[in-house]
Amino acid sequence: MLGPLPRSGTAGPSSHGLTLVFVLGDQLTRDLSALNGLAPGDVVLMVEVADETTYVRHHKQKIALVLSAMRHFAAELRAEGITVDYVELDATGNTGAFGTELVRAVARHRPDRIVVTEPGEWRVRRMMDEWPALTGVPVEIRDDDRFLCSRAEFRHWAGDRRSYRMEFFYREMRRRTGILMDGDEPAGGRWNFDAENRKRLPKGMRSPPRPVFERDAITSRVLDLVASRFADHFGDLDAFDWPVTRRDAVNALDWFIAQALPRFGDYQDAMAEDDPRLFHALLSPSLNLGLLTAREVCVAAEQAYRRGDAPLNAAEGFIRQILGWREYVRGVYWLEMPAYAETNALEAERPLPWFYWSGETEMNCLARAIMDTRRHAYAHHIQRLMVTGNFALLAGIRPAEIEEWYLIVYADAYDWVELPNVHGMVAFADGGMLASKPYAASGAYIDRMSDYCGRCVYSPQLKTGKGACPFNLLYWDFLMRNRQKLEQLPRMAMPYRTLDRMDSSHRETIRSEARAFLEGLAEPGTKMHVATQGDLFG
Ligand SMILES: Cc1cc2nc3c(=O)[nH]c(=O)nc-3n(C[C@H](O)[C@H](O)[C@H](O)COP(=O)(O)OP(=O)(O)OC[C@H]3O[C@@H](n4cnc5c(N)ncnc54)[C@H](O)[C@@H]3O)c2cc1C
Ligand code: SF4
């Protein structure tokens, strides 16, 4: 049971001398704990550092989004009369790293203390431990109370479990927050309406037009900077259209609730070649930057249901993603890191195929998902899980390489949310700590949920031989390769029974065709040669 815990790390008005409040690029929330109790004379520090733009070679749109949103946030604080010391990426003397920029800021302002909100990433949290010695100034690290479940509360819920299940955590969160509850009971008498949320998109149905966010002078300057300085990073900038201020993000939320939420549930798992974003919210970049809070987004969806503007399967399905999955993966991340990232339960060791960067593959579903990702720095959940993720799982791609790809290519990608989704959900590299079985599927699933297969050179109906969908070969081959590790999982019993009913010559054909296909992925000199860090393109 998640009990209420005292909020630690918040402060009243400052009883100190000058405080230097350091706000990170994904902490753009006016009531951030570090900004709590700001006194006249205190200085807010914000820095754009090269290290953060290049520790992986992020999609150009992701860099542009973070920098533009940071610059807008700084302008809003200044408009309130707050002193902001803002160091731009190209500023003279910018040393390119958090620690050394703090040292320079301490020399400029001579603060008595530094206050920060805990970061989203383990990597940055480790850096923070060095800051007191580096700067010679005490550093107060406050809780990030923008999440609905604190790290301590999650730890309490997890207890000494060896594996965690989202569904039970989610029910606790519903009870604890009262969101979508009628007294002690879940609204509509059920916790989960997922079974109703798996419809294929009917022919001719299209999503409503999305709002356009005008590029102002700040965003235009940032886009020019990114185009020239990060020309060799993955992705296009042309279609950049992300909210960069709280006002834009609230407009995006309002649009979603009114226009898309009513159909979100029904078509949550559908994929359509000409309408890739369908009824999804596209709110994750705003949530992860802090332009929106998880609570306000959940409350807005609940209110739409209570008003009768959205059906329960839509509101519940949407709220589950945020109150459930988003909080859950963050809890697992902080509980299990850093060891979590090191496991490789299925001993997957194949390098990432080149087509993950270029989109050059004849598999239409993968080509579409990757090209959409290049253009928009976005793909919706099922494209990530059941197309690019499913292929990586079935092909046995090394978890660290898949993780790096996902961290690079999406505008919403931050380690705390990307890593558990990829390491646990996609790669099953944690051996089932996060998911009760691998999300593995053959071509039949993709055919059922999308219109990709109709325009593919392969056929989802063919199981082997010329023209057989590679997902079909790889699915059964994956089960055979990993039998020892997977067959004891209760939810894998049925696929293994089906496999055992196949005659042995059919199984051998699958095995040899899958092997030939996988060897083809790594052939040097073909379009599918292996991606290396220095080999990315614009
Ligand atoms: C392999 C893989 C990698 C992912 N990497 C990221 C990532 O780096 N950053 C990220 O924010 N999400 C990630 N997700 C979760 C999810 O795919 C995205 O949050 C979602 O696609 C964002 O688009 P949306 O706002 O249109 O989402 P919607 O489909 O409209 O969902 C609403 C919101 O629910 C939240 N959400 C949904 N699913 C998850 C989930 N599994 N974990 C956490 N939050 C979730 C998001 O905040 C999202 O905005 C990943 C999922 C997978 C399978
Ligand atoms: S046939 Fe197979 S490879 Fe082609 S789009 Fe369908 S699932 Fe993808």
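These numbers come from a predicted model, not from an experiment. Atoms within a ligand are numbered from 1 in the order they appear, just like the ligands themselves. Computed over heavy atoms, backbone and side chain alike; hydrogens, waters and symmetry mates excluded.
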(Q) Please report whether the ring centroid of Phe391 lies less than 6.0 Å from that of Phe355. (A) yes
(Q) I'd like to verify the contacts: list protein N, O or S atoms under a distance of 2.8 Å from atom 6 (Fe) of ligand 2. (A) Cys453 SG
Q.
Determine whether the aromatic ring centres of residues Phe264 and Phe279 are separated by less than 6.0 angstrom.
A. no
Q | Centroid-centroid under 6.0 Å between Trp416 and Tyr333 rings | A | no
Q. So is Tyr378 close enough to ligand 1, meaning a heavy atom under 4.0 angstrom away?
A. yes
Q: Only heavy atoms count here, so choose which of Gln321, Glu403, Glu327, Gln268 is nearest to atom 37 (C) of ligand 1.
A: Gln321
Q. Judged by non-hydrogen atoms, does Phe264 sit under 4.0 Å from ligand 1?
A. yes
Q) Counting heavy atoms only, which of Asp269, Val422, Val426, Asn421 is nearest atom 40 (C) of ligand 1? A) Asn421
Q) Within less than 4.0 angstrom of ligand 1, does Ala379 place any heavy atom? A) yes
Q. If you measure from each heavy atom of Tyr406 to ligand 1, is any distance below 4.0 Å?
A. yes
Q. Are Phe147 and Trp334 close enough that their ring centres sit under 6.0 Å apart?
A. no
**Q.** atom 8 (O) of ligand 1 [closest protein heavy-atom partner, distance rounded to 0.1 Å]
**A.** Ala413 CA, 3.1 Å
